[in-house]
K.L.:
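This is the structure I have questions about; it appears just below.
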Number of protein chains: 2
Amino acid sequence: MKTYSITEVAEYFNMTPHTLRYYDKEGLMPSIERSSGGKRVFKESDIEALKVIECLKSSGMPIKEIKHFIEWCSEGDSTLQQRYDMFLERKASVEAQMEELKRTMEVIEYKCLYYQTALDSGTEAVHKNTKIKIHPLTNLYK
Amino acid sequence: MKTYSITEVAEYFNMTPHTLRYYDKEGLMPSIERSSGGKRVFKESDIEALKVIECLKSSGMPIKEIKHFIEWCSEGDSTLQQRYDMFLERKASVEAQMEELKRTMEVIEYKCLYYQTALDSGTEAVHKNTKIKIHPLTNLYK
DNA sequence: TTATTACTTAAAGTTAACTCTAAGTCAAGC
DNA sequence: GCTTGACTTAGAGTTAACTTTAAGTAATAA
């Protein structure tokens, strides 16, 4: 079976070998074997596990929680429900993040127009009259 | 003109007075005035500024860079172009974040199906045969 | 054979964004 | 007049996720 060095894997995932050792130290990679000289030897299954770790990370999951998932994986079929529930939670979390980014984008797009208009007329004062005057604590566009 | 105490503003933005003082200390709120007793007095314009700060923060902008924007605002019309460019950059950044979240979501949805199937048959082994075998370093679904 | 390079470890340092602590001030209610 | 609670400050502490350092080992190239 083909195996990979820490540097090969690091390059592939666009991280440093340091980071991979850090993940290992934090218990994210329990199945990695060592060579006779004590070096880490990455199998295909370790690379697949890293792909899932990357996904969980970019969903905003902290490393300590990812560790729990990795532990569940080692425990086998008895933890299938926990793992399923975890991915459902991740789905909800990513959906919420997408919604927040959408709202943020709306403000940013408004500001782009705002500054375009200001630049056209050479001064921000052009917006002085068009400003909607309502109670500031109800005017939250976020 | 109606003004607000630090606690009122903190409650409105769902943060602590501590955090508002921290923002002030970091130079994010240069226009806040003080009462005779030295307490911060928030005007409507300060609350509007905080809304923009919240937007920039949720777009992923670090506080030190937000400070630059706040400084540009105080400098007047000579910085209109910088501010416009900054919001264009924010727009590109948020678009990239949305793309990344989409890719993450695809993996999560695949995993939800994966665990649903496994739960149905009671074991993860059901996926052993359906696994696509290609070179692991080209099989990156992120 | 020697130099270089990649690897190993444990542990300390970094950065951002708070978050808390300590010590003190001030205004309102009883 | 005194207590209570919200405010003030400077500065130390926290947390996550690295990132760097120091000291040493192992394999490869000239």
Side-chain angles (χ1 to χ4, degrees), chain A residues 3-30 32-43 46-47 49-70 90 93 97 100 104 142, chain B residues 3-43 46 49-70 90 93 97 100 104 142:
Chain A
T3 58
Y4 305 88
S5 76
I6 197 168
T7 308
E8 282 176 302
V9 177
E11 271 167 14
Y12 173 63
F13 281 101
N14 235 338
M15 44 173 80
T16 66
H18 277 305
T19 306
L20 281 170
R21 282 183 214 113
Y22 165 72
Y23 285 177
D24 191 12
K25 203 183 78 182
E26 294 301 309
L28 259 50
M29 325 219 62
I32 284 185
E33 288 162 18
R34 298 299 180 105
S35 70
S36 57
K39 294 182 182 170
R40 288 171 187 81
V41 174
F42 289 74
K43 301 177 297 298
D46 298 321
I47 287 159
L50 267 170
K51 288 175 189 171
V52 179
I53 287 167
E54 286 270 276
C55 163
L56 292 174
K57 245 167 50 75
S58 57
S59 85
M61 199 174 197
I63 277 178
K64 279 183 185 172
E65 281 177 47
I66 297 176
K67 190 190 167 177
H68 292 150
F69 167 71
I70 299 293
R90 282 299 92 203
S93 165
Q97 289 174 62
E100 162 125 54
T104 301
K142 70 161 190 174
Chain B
T3 58
Y4 305 87
S5 75
I6 197 168
T7 308
E8 282 176 301
V9 177
E11 271 167 13
Y12 173 64
F13 282 101
N14 234 338
M15 47 173 78
T16 66
H18 275 306
T19 306
L20 281 170
R21 282 186 213 110
Y22 165 71
Y23 285 176
D24 192 12
K25 204 182 78 183
E26 295 301 309
L28 260 50
M29 326 220 63
S31 63
I32 285 183
E33 287 163 17
R34 298 298 182 106
S35 71
S36 57
K39 295 183 183 172
R40 286 172 187 80
V41 174
F42 289 75
K43 303 177 296 300
D46 297 321
L50 267 170
K51 287 177 190 171
V52 180
I53 287 167
E54 286 271 276
C55 164
L56 292 174
K57 244 167 49 77
S58 55
S59 85
M61 199 174 198
I63 279 178
K64 278 184 184 170
E65 281 177 47
I66 297 176
K67 189 188 169 180
H68 293 149
F69 167 71
I70 299 292
R90 283 298 92 203
S93 166
Q97 288 174 63
E100 162 126 51
T104 301
K142 66 160 189 174

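Residue numbers begin at 1 in each chain, while the letters A, B, ... track the order of the sequences.
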K.L.:
So if I take every side-chain heavy atom of A:Ile6 and compare against D:dT8, C:dA16, C:dT8, which nucleotide ends up nearest?
P.N.:
C:dT8
K.L.:
Please step through side-chain hydrogen bond (donor to acceptor under 3.5 Å, both in side chains) for the pair A:Thr7 and A:Glu11, ending with a clear verdict.
P.N.:
CA-CA 6 Å; A:Thr7 308; A:Glu11 271 167 14; over 6 Å; no
K.L.:
At under 4.0 Å, does any side-chain N or O of B:Lys57 touch on OP1 or OP2 of C:dC18?
P.N.:
yes
K.L.:
In plain terms, say whether B:Arg21 and B:Asp24 are close enough for a salt bridge, that is, a side-chain N and a carboxylate O under 4.0 Å apart.
P.N.:
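No salt bridge links B:Arg21 with B:Asp24.
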K.L.:
Whole angstroms only, please: what is the OH-P distance between A:Tyr4 and C:dC7?
P.N.:
16 Å
K.L.:
Would you confirm whether A:Glu65, through its side chain, and A:Pro62, through its main-chain N or O, come within 3.5 Å as a donor-acceptor pair?
P.N.:
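Not confirmed, A:Glu65 side chain does not pair with A:Pro62 backbone.
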K.L.:
Provide, to the nearest angstrom, the distance between the CZ atom belonging to B:Phe42 and the C1' atom belonging to D:dT8.
P.N.:
13 Å
K.L.:
Return the value, rounded to whole Å, for the distance between atom NZ of A:Lys67 and atom P of D:dC18.
P.N.:
16 Å
K.L.:
Quick check for you: among D:dG11, C:dA17, C:dT8, whose closest atom lies nearest to any side-chain atom of B:Lys25?
P.N.:
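Side chain of B:Lys25 sits closest to D:dG11.
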K.L.:
Could you identify which residues of residues 15-24 of chain B place a heavy atom less than 4.0 Å from some atom of DNA chain C, listed by residue number, or say none?
P.N.:
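By residue number: B:His18, B:Thr19, B:Tyr22, B:Tyr23.
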K.L.:
Send over the distance from A:Asn14 CG to D:dC18 C1', rounded to a whole Å.
P.N.:
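The answer, rounded to whole Å, is 16 Å.
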K.L.:
If the cut-off is 4.0 Å, is B:Arg40 near the phosphate of D:dC7, judged by side-chain N/O to OP1 or OP2?
P.N.:
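Answer no for this pair, as no side-chain N or O of B:Arg40 is under 4.0 Å from OP1 or OP2.
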K.L.:
Go nucleotide by nucleotide along DNA chain C from the 5' end; which of B:Met61 and B:Gly37 gets its closest nucleotide reached first?
P.N.:
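Residue closer to the 5' terminus by nearest nucleotide: B:Met61.
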K.L.:
If only side-chain N and O atoms of B:Lys64 are considered, is one of them under 4.0 Å from the OP1 or OP2 phosphate oxygen of C:dA16?
P.N.:
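Yes.
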K.L.:
May I ask you to decide if A:Ile6's main-chain N or O and A:Lys39's side chain share a donor-acceptor pair within less than 3.5 Å?
P.N.:
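Side chain of A:Lys39 to backbone of A:Ile6, a donor-acceptor pair under 3.5 Å: no, none is there.
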K.L.:
Examine D:dT9: is either OP1 or OP2 under 4.0 Å from a nitrogen or oxygen in the side chain of B:Arg34? Give yes or no.
P.N.:
yes
